[in-house]
Enquirer: 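Have a look at the structure that comes next, please.
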Amino acid sequence: MWKWFHMLASPPHFYRIAGLTIPWFGWPALVLILVGLYGGLVLAPADYQQGDGFRIFYVHVPSAIMSMMVYGIMATAAAIGLIWRMKLAHAVAAASAPIGAWFTFCALATGSLWGKPMWGTWWEWDARLTSELILLFLYLGYIALRSSIEDPQRADRASAVLALVGVINLPIIHYSVVWWNSLHQGSTMFNPGAMSIEMKWPALSMLFGFMLYYGAVLFVRLRAEVIRRERNAAWLRQELAL
Amino acid sequence: MSLADFFYMGGYAAYLWPAFGLVVLVLVYNVWSARRALAEARRAAARRLQMEETRS
Amino acid sequence: MQTTGLLKAGGLLYSRDLRLAFRRWEQVTQPVVFFLMVTTLFPLALSPEQAQLRQVAAGVVWVAALLSALLALEFMFRSDYEDGTLEQLVLSGQPLWWLALVKAFAHWTVSGLPLVVTSPLVAASLAVPTGAMMTVVASLLLGTGILSFLGAVGAGLTLGVRRGSVLLSLLVLPLTMPALIFGARAVDMAIMGDEPAGPLYLLGALFILSLTLGPFATSAALKVSME
């Protein structure tokens with residue numbers, strides 16, 4: 001098991017395996033997302049209260065779930081990198097940040113576009129939207145810290161500390177925002193409640209599609225990170241076919 | 001249901017299509033930027049190797 | 001090879017930091033002046049009417065205090081980093097989390113405490129009733145403490161980084177939002193004449209959390225920056 005682990009972590013092996021795996025993530029992702037889009041836009045019945053407007057749900061909720069999941073993966077990878085000094089784990093954290101930030105952006109933008117017809121305003125200081133916004137700030141801070149430290153090893157370790165501090169704070173931020181929100185206004189939150197199965201499956205298809213998509217993009221970015229960190233000239237020369 | 005009905009989306013077209021369009025755009029952009037990052041890393045590595053070769 | 005006891009080492013470091021800080025007097029006074037000036041801007045921008053000021057007073061006092069304390073945060077380790085003292089501290093054999101805690105506390109004494117002391121003045125100028133003063137002081141006492149212990153992590157991470165001060169705000173501000181929510185809420189409740197104990201307790205919980213976890217994260221951050 002450990003031998004396999006070390007082999008995977010060695011740059012040449014990882015680079016090759018990642019290259020082989022990308023299509024296995026990418027194509028199913030594309031299929032699942034297309035099926036989810038078709039199901040969500042065409043097959044799913046309109047909501048009895050929100051009509052067709054509720055269909056934004058099919059991009060909003062999967063994006064929001066991904067934004068949090070990617071932060072969780074990023075922080076876990078950062079912890080592994082800090083504890084076992086594993087370069088590959090740091091690379092996973094570094095490669096995840098921009099993808100997670102974009103998912104967060106999508107969740108915010110679609111939430112705003114959903115809020116306009118439902119709440120009558122582009123931006124409601126709703127607990128979930130607000131904590132999503134703070135999550136975006138955390139991602140941006142992480143990316144800014146990384147990009148302002150030149151030495152890659154120091155950038156890895158510094159941003160890992162930040163990611164861990166952020167992940168401890170995330171639940172605190174979330175619950176404090178919920179508490180603050182419940183004091184200031186009545187519950188205007190949209191509650192999807194119990195959804196029927198024909199309404200639910202396109203969302204699940206989208207979510208799994210997004211997960212596989214994240215895997216595919218992550219592996220492309222990881223290959224870039226591996227090359228950037230690699231100092232083993234012989235392998236690089238062979239790989240780049242010089 | 002006609003195609004026009006589909007695009008009209010029960011009056012929510014102005015919110016729904018931008019939301020879906022934006023997400024699709026971001027998904028495409030992420031793939032593109034990741035691939036560009038990989039190509040750039042490869043180019044930078046090749047340049048580094050060539051410089052090392054000329055030096056030695 | 002611990003030759004000096006924890007308490008003694010901490011005391012020495014604390015008194016040294018204070019003496020150094022008072023030698024650079026403007027670093028102590030600047031955040032306070034900033035605090036006073038920012039809170040003066042609000043009546044000018046909104047209205048001099050007492051009732052209206054009282055409505056926004058809690059938020060204004062808290063945001064202004066947070067920004068003023070943030071202004072000073074950057075200097076927590078800066079000069080020690082530049083003259084090599086920090087390296088000596090890392091190598092001193094004392095646990096780094098303890099030294100980080102002491103340094104954060106010393107920094108709070110010269111940057112956070114003055115804000116707490118001047119806060120009643122500021123609050124009074126914003127038409128906060130006298131009955132709410134205790135809450136203003138108590139909430140800011142905890143709040144500036146949270147900012148110092150949490151901010152120390154950010155200050156440690158941004159050592160020797162280009163454009164460090166902007167980056168530092170970017171890193172620390174999202175983390176302090178829970179404190180802002182509870183602190184401003186406590187003050188607001190006190191102004192309305194309610195019992196502010198609830199949000200104050202939560203603020204206290206946040207303070208304990210940042211006091212206990214912050215120094216460990218700070219020492220990790222300092223180790224990374226010293227490599």
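If you're wondering where the values come from, they're calculated on a predicted model, not measured in any experiment. Chain letters run A, B, ... following the sequence lines, proteins first and then strands; every chain starts at 1.
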Enquirer: Side-chain donor-acceptor pairs under 3.5 Å in residues 51-61 of chain C, sequence neighbours left out?
Expert:
{"from": "C:Gln52", "atom 1": "OE1", "to": "C:Ser47", "atom 2": "OG", "distance (Å)": "3.0"}
{"from": "C:Arg54", "atom 1": "NE", "to": "C:Ala127", "atom 2": "O", "distance (Å)": "2.7"}

Enquirer: On a heavy-atom basis, which atom in A:Ala144 and which in C:Leu167 lie closest, and how many Å separate them?
Expert: CB-CD1, 3.5 Å

Enquirer: Report which part of C:Leu157 has an atom under 4.5 Å of a heavy atom belonging to chain A: side chain, backbone, both, or neither.
Expert: both

Enquirer: So which part of A:Ser147 gets closer than 4.5 Å to some heavy atom of chain C, the side chain, the backbone, both or neither?
Expert: backbone

Enquirer: When rounded to the nearest 0.5 angstrom, what distance separates NZ in C:Lys223 from CG in A:Leu82?
Expert: 11.0 Å

Enquirer: Taking the side chain as every heavy atom from C-beta outward, state whether C:Leu209 and A:Ile172 have any pair of such atoms under 4.5 Å apart.
Expert: yes

Enquirer: Given heavy-atom pairs under 4.5 angstrom as the criterion, report whether the side chain, backbone, both or neither of C:Ser225 touches chain A.
Expert: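 It is both, since atoms from each part get that close.
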
Enquirer: I'd like to verify something: which residue of A:Gly141, A:Ser176, A:Gly166 has the highest number of heavy-atom pairs under 4.5 Å with chain C?
Expert: A:Ser176

Enquirer: Say you draw a straight line from OH of A:Tyr142 to CG of C:Leu171; how long is it, rounded to the nearest 0.5 Å?
Expert: 12.0 Å

Enquirer: Do other residues, nucleotides or ligands put more than 12 heavy atoms under 6.0 Å from A:Lys116 NZ?
Expert: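 It does: A:Lys116 NZ has more than 12 such atoms within range.
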
Enquirer: Roughly how far apart are A:Asn169 CG and C:Met177 CE, rounded to 0.5 Å?
Expert: 11.0 Å

Enquirer: Determine whether A:Arg154 and C:Val161 make a side-chain contact, defined as any pair of heavy atoms from C-beta on separated by less than 4.5 Å.
Expert: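 A:Arg154 reaches C:Val161 side chain to side chain.
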
Enquirer: For residues A:Val161 and C:Ala217, report the shortest heavy-atom separation together with the two atoms involved.
Expert: CG1-O, 3.9 Å

Enquirer: Can you tell which part of A:Ile168 gets under 4.5 Å to a heavy atom of chain C, answering side chain, backbone, both or neither?
Expert: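 Just its side chain gets close to chain C.
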
Enquirer: Could you pull out the closest heavy-atom pair between C:Pro174 and A:Leu138, with the gap in Å?
Expert: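 Nearest pair, atom of C:Pro174 first, then A:Leu138: CB-CD2, 3.9 Å.
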
Enquirer: Please list, in residue-number order, every residue in residues 147-154 of chain C that has a heavy atom less than 4.5 Å from any heavy atom of chain A; write 'none' if there are none.
Expert: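 Against chain A, the residues of residues 147-154 of chain C that fall inside the cut-off (heavy atoms, under 4.5 Å) are C:Leu150, C:Val153.
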
Enquirer: With only heavy atoms counted, which part of C:Leu175 is less than 4.5 Å from chain A, the side chain, the backbone, both or neither?
Expert: both

Enquirer: Taking side chain as everything from C-beta outward and backbone as N, CA, C, O, which of these in C:Leu173 sits under 4.5 Å from a heavy atom of chain A? Side chain, backbone, both or neither.
Expert: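 Contact with chain A involves no heavy atom of C:Leu173 at all.
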
